[in-house]
Amino acid sequence: MLHLTPDFAAVVDGAGSWSGRLNGLRPGRFAALAVAEGVDTLEAEADLPSAARHLSLLLREALAGTSVEGELLRPQTCVVAIYSVARREVWLVGDCQALVNGEHHQFDLPTDQRAASLRQAVLRALLMKGQSIAELQASDPSWPTLKPLFEVVPAYQNHPTDLLEYRAFDGQRIPACHLHVLPVLEQVTEVVPDGYPATGGSFDDRTYLRLGST
């Protein structure tokens, strides 16, 4: 989702989930809403470490009183790309990407890279067996293979030492090594969140933010 204030421009992406709800919302949507609304309460001059602590606390408080429906196979998490007007910085927390000062910055999940390779292998094999591109586009035959991986991936979330660790807002402290600050020197900046691992480096996200001079 896109969330704008006089001091910040944020793109917040809740983790996809196929089961369970929190207060009637998908877990990722619940987390994204809590963090997006938390941007409203950030001090204009806040830096990324203090902002991350504040947003994590607000998400933890929001989760404290939730009612859970069904089984949550994936946790309530989100990733965030924020532009700070006062500090002229882009902040990336999680698998987001940004074009800043003409340079592309992208922070992929190691597990997503492996999932994309696995998905590509499955789809290529099906093409070799005679299925058409149209048939593959009509459904996602790789999903049964990928689903077990996505179910166990949360074990790596915000893990400070594992090689497959990744970062996301989940209400707990985010290690400092996962907080990326990009100073903005030029007038045009573009930020987008992550996307479902696809074969051509494509993305399924619908929110794309471009900041220009005023």
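Please read these numbers as outputs of a predicted model, since none were measured by experiment.
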Within the 4.5 Å heavy-atom criterion, are [X] and [Y] side-chain neighbours or not?
X: H3; Y: D40; value: yes
X: C78; Y: D13; value: no
X: F8; Y: L42; value: yes
X: L118; Y: T145; value: yes
X: L123; Y: P141; value: yes
X: I82; Y: L55; value: yes
X: W91; Y: L179; value: no

Return the minimal non-hydrogen interatomic distance between [X] and [Y], and the atom names on each side.
X: A34; Y: A62; answer: CB-CB, 4.1 Å
X: A36; Y: M1; answer: CB-SD, 3.6 Å
X: L99; Y: G102; answer: CD1-C, 3.7 Å
X: L127; Y: S132; answer: CD2-C, 4.1 Å
X: V85; Y: P6; answer: CG2-O, 3.8 Å
X: A32; Y: G14; answer: CB-N, 3.9 Å

Establish whether [X] and [Y] are linked, either directly or via other cluster members, by ILVMFWY side-chain heavy-atom contacts under 4.5 Å.
X: L58; Y: V35; answer: no
X: L4; Y: L92; answer: yes
X: I133; Y: V122; answer: yes

**OP:** Go through D7 and T5 one step at a time and tell me if the side chain to side chain donor-acceptor pair (under 3.5 Å) criterion holds.
**Re:** CA-CA 5 Å; D7 301 307; T5 76; 4.9 Å; no
Looking only at atom types and distance, does a side-chain atom of [X] sit under 3.5 Å from a main-chain N or O of [Y], one as donor and one as acceptor?
X: N101; Y: L185; result: yes
X: S50; Y: A46; result: no
X: E103; Y: V100; result: no
X: T41; Y: G38; result: yes

Original post:
Got a sec, which residues hit ring pair (Phe, Tyr, Trp, His ring centres under 6.0 Å) with H180, two or more places apart in sequence or on another chain?
Top reply: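 Partners of H180 by the ring pair (Phe, Tyr, Trp, His ring centres under 6.0 Å) criterion, ordered by chain and then number, come out as F107.
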**OP:** Evaluate the criterion side-chain contact (heavy atoms from CB on, under 4.5 Å) for residue pair V79 and V93; output intermediate values, then yes/no.
**Re:** CA-CA 6 Å; V79 298; V93 182; over 6 Å; no
Original post:
Does atom CZ of R29 have more than 12 heavy-atom neighbours, drawn from other residues, nucleotides or ligands, at distances under 6.0 Å?
Top reply: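 Not buried by this count: 12 neighbours or fewer within 6.0 Å.
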Original post:
Is it the case that more than 12 heavy atoms not belonging to Q131 sit under 6.0 Å from its CD atom?
Top reply: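 Count over threshold, so yes.
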**OP:** Would you please test R87 and D47 for side-chain contact (heavy atoms from CB on, under 4.5 Å) and show each step?
**Re:** CA-CA 8 Å; R87 303 183 74 89; D47 60 9; 3.7 Å; yes
**OP:** Would you tell me whether H105 and Q97 have side-chain atoms, one donor and one acceptor, within less than 3.5 Å of each other?
**Re:**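 H105 vs Q97: no donor-acceptor pair found between side chains.
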**OP:** Quick one: do L146 and R119 satisfy side-chain contact (heavy atoms from CB on, under 4.5 Å)? Show the steps, please.
**Re:** CA-CA 7 Å; L146 293 175; R119 184 172 189 237; 4.0 Å; yes
Original post:
How many angstroms lie between CD in Q120 and OG in S142, if you round to the nearest 0.5 Å?
Top reply: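 One gets 11.0 Å once the value is rounded to the nearest 0.5 Å.
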Subject >> Pairwise distance OG1(T77) to CG(L59) - rounded to 0.5 angstrom >> reply: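 T77 OG1 to L59 CG: 9.0 Å, rounded to 0.5 Å.
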